[in-house]
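Side chains are part of it too, since the values below use all heavy atoms of this structure and drop only hydrogens, waters and symmetry mates. Every chain is numbered from 1, with letters handed out A, B, ... down the list of sequences.
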Protein chains: 2
Amino acid sequence: MDTSIKVKFDKIDRKILEILQANAKITNAQLSKDIGLSPAPTLERVKKLEQSGIIKSYHAKLDAEKIGLGVSTFVLVSLIGHNKGNIDAFMKEINGIPEVIECHHITGTGDFILKIIAKDITAYQKLMLEKVSEIREVDSMQSMVILSTFKDSKVLPIPE
Amino acid sequence: MDTSIKVKFDKIDRKILEILQANAKITNAQLSKDIGLSPAPTLERVKKLEQSGIIKSYHAKLDAEKIGLGVSTFVLVSLIGHNKGNIDAFMKEINGIPEVIECHHITGTGDFILKIIAKDITAYQKLMLEKVSEIREVDSMQSMVILSTFKDSKVLPIPE
DNA sequence: GAATTTTCAAAATTTTATGCGGTACAAATG
DNA sequence: CATTTGTACCGCATAAAATTTTGAAAATTC
């Protein structure tokens with residue numbers, strides 16, 4: 001299974017991708033002006049980028065504070081075993097917890113790093129005690145509370 | 001300065017936010033059906049959510065592999081000093097590196113955690129040696145390479 | 001309980017997306 | 001070297017969607 005299917009795209013496509021990453025709500029007319037094409041071929045290119053899977057989806061970014069989410073953390077998690085069964089079981093549990101918004105398998109001392117978001121410290125503690133540490137496969141955890149976020153870019157640096 | 005400006009929103013607004021986080025490209029007509037209102041008040045609510053800053057922006061999510069970005073990492077960074085001047089200088093440098101897509105100030109042993117994305121290990125190494133570790137304020141760094149990502153949700157769990 | 005404000009729906013208008021020839025250019029072929 | 005073939009583009013026509021307007025209903029306030 002090749003998960004790194006490279007799809008060809010040129011300079012114009014790259015520009016489209018940069019613009020849509022930064023602002024998905026731009027109209028096709030404006031986008032076409034920005035890249036120097038007429039609307040028809042512009043739209044065609046966007047559709048192709050969507051169909052090829054280069055563009056996976058479109059999302060609204062919310063202000064976490066304003067919707068009452070005051071606590072964000074990274075959590076390093078070690079599992080009791082590293083076999084596939086354990087990892088699958090862990091993943092399944094994690095997928096059921098909406099407060100865990102990211103879960104990555106990583107190298108190094110910990111096995112996984114999670115990004116978690118909660119209302120406040122109380123809610124976070126409750127979540128950790130009652131949900132995360134209850135997962136059978138979890139051995140140890142180490143929390144890093146985010147004090148402030150200086151950069152949270154939704155724009156990936158597209159290589160040449 | 002109050003960074004946690006709470007803005008009122010009801011159950012319908014919450015539903016709108018959930019839908020737009022998962023799929024920003026939904027038409028207003030479809031959104032209005034999903035939430036059980038007619039198009040006009042639906043659009044009005046969305047505009048209000050945008051103006052109040054609850055919805056900050058809209059972004060296209062790309063497939064990192066397909067655009068040739070094969071290596072993602074988290075990096076724990078310790079600074080040589082923790083005074084404001086140092087932190088500001090560090091932030092300024094970080095903002096100029098597009099491969100650093102996230103930068104958070106955190107509690108714990110490290111001072112900062114970065115999320116970095118690069119073409120491959122070679123490009124990553126070059127980036128770290130020539131850009132990140134060259135920043136004067138950086139003391140030590142610890143990289144955690146992402147082997148695979150199991151969850152990367154763009155939907156925040158909105159509290160009651 | 002009357003007045004005010006807010007929320008909503010329906011219809012009209014404006015804006016935007018989309019599909020359709022037709023053309024120019026480039027690479028491949030005879 | 002001419003011809004073919006294919007691709008990418010443009011401009012226009014049409015369809016779809018967003019947005020505004022108007023006025024009614026519901027909730028809130030006094």
side-chain hydrogen bond (donor to acceptor under 3.5 Å, both in side chains) filter on B:Lys126, not counting sequence neighbours, yields B:Glu130
Those residues at least two apart in sequence (or on a different chain) that pass side-chain hydrogen bond (donor to acceptor under 3.5 Å, both in side chains) with B:Glu44 are none
Terminal axes of the helix from C:dG1-D:dC30 to C:dG30-D:dC1 (5 end pairs apiece), angle rounded to 10 degrees, sit apart by 30°
In 5'-to-3' order, the base (B), backbone-only (S) or no-contact (-) status of each nucleotide in nucleotides 14-24 of chain D, using a 4.0 angstrom heavy-atom cut-off, is ---SSBB----
Applying side-chain hydrogen bond (donor to acceptor under 3.5 Å, both in side chains) to B:Ser57 and not counting sequence neighbours gives B:His59
Polar atoms only, N or O, under 3.5 Å: list the protein pairs with nucleotides 7-9 of chain D and their distances.
{"residue": "D:dC9", "atom": "OP1", "partner": "A:Arg45", "partner atom": "NH2", "Å": "2.9"}
{"residue": "D:dC9", "atom": "OP2", "partner": "A:Arg45", "partner atom": "NE", "Å": "3.3"}

For residues 29-41 of chain A, the salt bridge (Lys or Arg N to Asp or Glu O under 4.0 Å) pairs (sequence neighbours left out) are none
Taken to the nearest whole Å, CD1/B:Ile35 to P/C:dA9 is 9 Å
Taken in chain and number order and not counting sequence neighbours, the residues that satisfy ring-ring contact (aromatic ring centres under 6.0 Å, His included) with B:Phe74 are A:Phe74, A:His104
Sequence neighbours excluded, the answer for side chain to side chain contact (heavy atoms under 4.5 Å, CB included) partners of A:Val46 is A:Ile16, A:Leu20, A:Leu31, A:Glu50, A:Tyr58
Residue pairs meeting side chain to side chain donor-acceptor pair (under 3.5 Å), one or both in residues 83-99 of chain B, sequence neighbours left out, come to B:Lys84-B:Asp88
With sequence neighbours left out, the residues meeting side chain to side chain contact (heavy atoms under 4.5 Å, CB included) with B:Pro159 are A:Leu69, A:Lys119
Applying side chain to side chain contact (heavy atoms under 4.5 Å, CB included) to B:Val75 and not counting sequence neighbours gives B:Thr73, B:Val77, B:Leu114, B:Ile116, B:Tyr124, B:Met128, B:Met141, B:Ser143
note: B:Lys33, atom NZ; C:dA9, atom C1'; distance rounded to Å ~ 15 Å
In short, B:Glu102 meets A:Asp152 closest at the heavy-atom pair CG-OD1, 3.5 Å
